[in-house]
Every structure is written in structure tokens, then in C-alpha cells.
Protein chains: 2
Amino acid sequence: MTPQRMAILNYLKGNLEHPSAEDIYKAIGKKFPTMSFATVYNTLETLKQMGQIRELYCDPYKKRFDPNPNPHHHVVCTQCQKIVDLQDEIRIKPPTLTTEKFEILGSHIEFYGICSKCKSKNSSSRKEETIYVKNRTGS
Amino acid sequence: MTPQRMAILNYLKGNLEHPSAEDIYKAIGKKFPTMSFATVYNTLETLKQMGQIRELYCDPYKKRFDPNPNPHHHVVCTQCQKIVDLQDEIRIKPPTLTTEKFEILGSHIEFYGICSKCKSKNSSSRKEETIYVKNRTGS
DNA sequence: TATCATAATTAGAATTATTATCATATTAGA
DNA sequence: TCTAATATGATAATAATTCTAATTATGATA
């Protein structure tokens with residue numbers, strides 16, 4: 001356990017925003033200005049291997065990281081890529097694969113939609129809506 | 001409707017492999033050697049807008065395309081990124097969001113696991129298993 | 001405490017997938 | 001056929017991520 005790892009883990013734990021590697025790099029950079037991007041990626045990979053965090057793929061533009069490794073599901077805004085945890089316990093049967101034999105290890109439900117912030121943005125300025133759709137950074 | 005578009009659409013329809021843009025480029029390239037990668041991406045974007053195909057994000061390394069735009073779910077191999085359609089009709093309740101108000105537009109379930117091919121690969125040559133994990137191309 | 005092996009960090013280059021630009025070519029409609 | 005609109009192809013640009021190699025920190029042991 002190095003200071004950098006502590007900082008990254010601390011930042012992640014208790015963060016509900018499902019930050020990307022860049023988010024983490026920027027946030028930690030304030031405390032550790034010398035820290036490199038590679039360390040962020042290395043640490044995230046290590047934490048993932050250790051089962052401390054989970055990597056999410058529901059943001060099509062970048063990987064996102066979830067400090068809660070326990071199985072749960074997500075709601076994703078298709079405009080700003082905001083990801084929100086779902087508390088609901090959803091029970092689904094394992095699939096009946098007819099042609100392919102898979103060893104199923106887990107499942108993940110993604111609900112897609114528009115968050116309230118984006119919805120109000122849309123209605124207030126319709127002309128610009130393609131900007132919100134195409135701009136990856138969500139800014 | 002241009003010849004290139006026809007070729008891409010024809011290739012997609014009736015393809016169960018959920019190909020990536022590169023897969024499509026390579027496959028169509030045999031018939032249209034002059035076709036550019038940009039055309040593949042442009043066409044896929046157009047077809048997506050038209051609602052003819054669906055873009056999948058469950059492969060962490062690249063976007064994958066599904067010729068079936070109707071709602072259905074998938075099983076993904078975490079080693080070779082093989083994606084298989086699920087025929088099962090799975091009914092899930094829309095989530096009860098307490099803090100955030102989302103307009104939910106759809107949902108997608110991903111089951112994760114190991115396909116039979118990767119499972120036999122693993123047991124037959126354990127020493128090389130990191131190769132299969134790290135090699136993105138799945139080859 | 002000094003030494004050593006191991007693992008972590010850094011900076012930067014390299015890679016991969018994807019998107020943008022723009023000149024040219026093609027298409028579809030009058 | 002003519003023309004405007006759109007598609008294509010070559011290439012450059014970008015963004016996220018991974019790799020490399022040199023340096024540095026860490027922790028165990030003498």
C-alpha cells in the first residue's frame with residue numbers, strides 16, 4: 001500500500017459518480033501533482049484484480065469505475081453518460097442457452113434513459129441538442 | 001442507397017457474430033477493395049439512426065453492432081468477447097429511483113461468463129492463460 | 001542500519017479505436 | 001441531362017488506454 005494507492009482508493013470509496021480514469025487522475029492530482037496517468041491505470045487494474053472495485057462498460061466512450069464490487073445494476077443517461085446505482089434487488093433467471101454452452105459468472109442490467117438535468121437542458125435549448133449528443137466530455 | 005451501404009447492410013443482416021467496425025471493413029473489403037473505413041463508420045451511424053441496427057457496448061475494447069434492433073439481451077464471454085443473443089424473454093420491472101429522476105427508455109441485460117471454446121483452451125494450456133486474457137483481438 | 005530483491009512510479013512513446021476534414025465522386029430528383 | 005444534395009475515400013486528428021524503460025520506493029533480512 002503506497003500513498004498513491006491509498007489516495008486513489010480513498011477517492012473511489014464513497015464516490016457515487018462512477019468516475020473515469022481521467023476523473024480520478026484530475027481529482028488526485030491536486031494532492032499528488034507528480035502522479036502519472038499510468039499509476040492510475042495500474043492501480044485501478046490492481047484494485048480490480050483484488051476485487052475491491054468494478055469496471056463498468058456502459059459508458060461507450062470510456063471505462064468507468066465503481067467502488068462497490070457487490071453485484072448491483074445501473075441507470076445510464078444516454079446524453080451525459082451519468083451513471084446511477086440501482087438499489088433494487090432484481091432477480092433474473094440464468095439464461096437457457098440452446099446452441100452455446102457458457103459458464104455464466106454474473107449479470108448486469110443497464111437501464112438507459114435521460115436524466116433530469118439533460119431533459120431540462122433539451123427543452124430549454126432545442127437547437128443545440130446535437131451538441132449534447134456528440135460531445136463526449138459531457139461538459 | 002449506395003452499393004457500399006447495401007453490402008454493409010447485407011453483411012450485417014443474418015450475421016450472428018455481432019461484428020465490430022473492423023470485422024465489417026475486412027469482410028466487405030473482399031468485395032469492395034476500395035472502400036474506406038470512414039464509410040463503414042458513417043454507414044453504421046446512419047443505420048443506427050434509422051433504427052436498423054443497434055450498437056452494443058458490452059465489449060470493452062470496441063463497439064459491436066447487432067443487426068437485430070428489437071430489444072433482446074446478450075451473453076458475453078469475458079475472455080474472447082464473443083457475444084451471443086438471448087432468446088429468453090426476461091421481464092424486469094422499471095427501477096424505483098429515489099434520488100434521481102430518469103426518463104427510462106430501455107434496458108439491456110448482459111450475462112457474463114466463459115464460452116465453451118475458451119473454457120477448453122484454458123484447461124488444455126494453463127501456462128498461456130494470461131495471453132488469452134490480455135490479447136484484445138481474441139485471436 | 002545497510003543491503004538486496006521486488007514491486008511501484010514516472011514520463012513519455014506507442015497503440016487502438018474512432019471521428020473529423022475535405023476534395024472528389026456519385027446519387028436522386030426536377 | 002442537369003443540378004443540388006449527399007456519399008465516398010484518403011488522410012489527418014483525437015481520445016482513451018497500454019506499453020516501455022528508467023528510476024525510485026518498499027519491505028524483508030542480515
Side-chain angles (χ1 to χ4, degrees), chain A residues 1-11 18-29 31-50 52-53 55-65 80-81 83 130-139, chain B residues 1-11 18-50 52-65 80-81 83 130-139:
Chain A
M1 264 299 148
T2 62
Q4 290 91 333
R5 291 194 175 182
M6 294 283 273
I8 291 174
L9 192 56
N10 280 340
Y11 176 73
H18 308 82
S20 66
E22 195 190 3
D23 295 335
I24 295 163
Y25 177 66
K26 280 183 183 158
I28 309 294
K31 287 268 177 188
F32 291 81
T34 86
M35 192 179 52
S36 111
F37 229 127
T39 300
V40 176
Y41 278 105
N42 288 341
T43 303
L44 290 170
E45 178 64 27
T46 306
L47 293 172
K48 192 179 75 175
Q49 302 286 357
M50 286 164 46
Q52 297 257 39
I53 64 172
E55 208 172 271
L56 303 180
Y57 310 127
C58 36
D59 179 340
Y61 302 116
K62 43 181 77 163
K63 290 178 180 172
R64 304 277 289 264
F65 296 88
C80 71
Q81 317 306 135
I83 301 174
T130 51
I131 292 171
Y132 300 123
V133 174
K134 301 207 94 182
N135 182 355
R136 313 184 166 192
T137 62
S139 60
Chain B
M1 261 299 146
T2 62
Q4 291 90 335
R5 288 192 178 183
M6 295 284 271
I8 291 174
L9 191 58
N10 280 340
Y11 176 73
H18 308 83
S20 66
E22 195 191 2
D23 296 335
I24 296 163
Y25 177 65
K26 281 184 183 160
I28 310 293
K30 290 167 191 162
K31 287 267 177 188
F32 291 80
T34 89
M35 192 177 54
S36 116
F37 227 128
T39 300
V40 176
Y41 277 104
N42 286 341
T43 304
L44 289 170
E45 179 63 27
T46 305
L47 293 172
K48 191 179 75 175
Q49 302 287 355
M50 288 163 46
Q52 297 258 38
I53 63 171
R54 207 173 121 197
E55 208 172 272
L56 302 180
Y57 309 126
C58 37
D59 179 339
Y61 301 115
K62 43 181 78 164
K63 290 178 179 173
R64 304 276 289 265
F65 296 88
C80 71
Q81 318 306 136
I83 301 174
T130 51
I131 291 170
Y132 299 122
V133 174
K134 301 206 91 179
N135 182 357
R136 313 182 165 196
T137 62
S139 59

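The chains referred to below are lettered A, B, ... by the order of the sequence lines, with proteins before strands, and numbering in each begins at 1.
A sub-4.0 Å separation between OP1 or OP2 of C:dT27 and a side-chain N or O of B:R5 is absent. Not one side-chain nitrogen or oxygen of B:Y41 sits closer than 4.0 Å to the OP1 or OP2 atom of C:dT19. Phosphate contact (OP1/OP2 of D:dG9, side-chain N/O of B:Q4, threshold under 4.0 Å): present.
In this structure D:dA30 sits in a base pair with C:dT1, meeting the Watson-Crick or G-U test at under 3.5 Å.
A donor-acceptor pair under 3.5 Å links the side-chain atoms of B:R64 to the main chain of B:Q81, judged by distance alone. B:D23 contributes a side-chain N or O that, together with a main-chain N or O of B:S20, makes up a donor-acceptor pair within less than 3.5 Å.
Rounded to an integer number of Å, the gap from CD of A:E45 to P of C:dT9 is 14 Å. In this structure, A:R64 places its CZ atom 11 Å from P of D:dT17, rounding to the nearest Å. Distance NZ (B:K62) to P (D:dT18): 14 Å, rounded to an integer number of Å. As rounded to whole Å, 14 Å separates atom C1' of C:dA17 from atom CD of B:Q81. Spacing between atom CD1 of A:I8 and atom C1' of C:dT9 amounts to 11 Å, rounded to whole angstrom units. Atom C1' of nucleotide D:dA16 and atom CG of A:N42 are separated by 15 Å, given to the nearest angstrom. Atom CE of A:M6 and atom P of D:dT26 are 12 Å apart (whole Å). B:K63 has its NZ atom 6 Å from the P atom of C:dT18, to the nearest Å.
Minimum atom distance to the side chain of B:T43 is reached by D:dT8, of the listed D:dT8, C:dT9, C:dT18.
Nearest approach of A:Y57 to B:P60, heavy atoms of both residues: CE2-CB, 3.3 Å. Contact between B:P19 and B:Y11 at its shortest, heavy atoms only, is CG-CE2, 4.0 Å. Shown here for A:I28 and A:A7, the closest heavy-atom pair between the two residues is CD1-O, 3.4 Å.
With sequence neighbours excluded, the residues that form a ring pair (Phe, Tyr, Trp, His ring centres under 6.0 Å) with B:Y25 are B:F37.
Under 3.5 Å, the side chains of B:N42 and B:T39 contain no donor-acceptor pair of N or O atoms.
Residues of residues 27-40 of chain B having a heavy atom closer than 4.0 Å to DNA chain D, listed by number: B:T34, B:M35, B:S36, B:A38, B:T39.
Dense packing is recorded around NZ of A:K48, with more than 12 heavy atoms of other residues, nucleotides or ligands lying under 6.0 Å away.
Residue-level contact check: B:P3 touches the backbone only, with heavy atoms under 4.0 Å from sugar-phosphate atoms and none from bases.
Using a 4.5 Å heavy-atom threshold, the side chains of B:L44 and B:K63 count as separate.
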Check nucleotides 28-30 of chain C for protein N or O atoms closer than 3.5 Å to its own N or O atoms and list the pairs.
from, atom 1, to, atom 2, distance (Å)
C:dA28, OP1, B:M1, N, 3.4

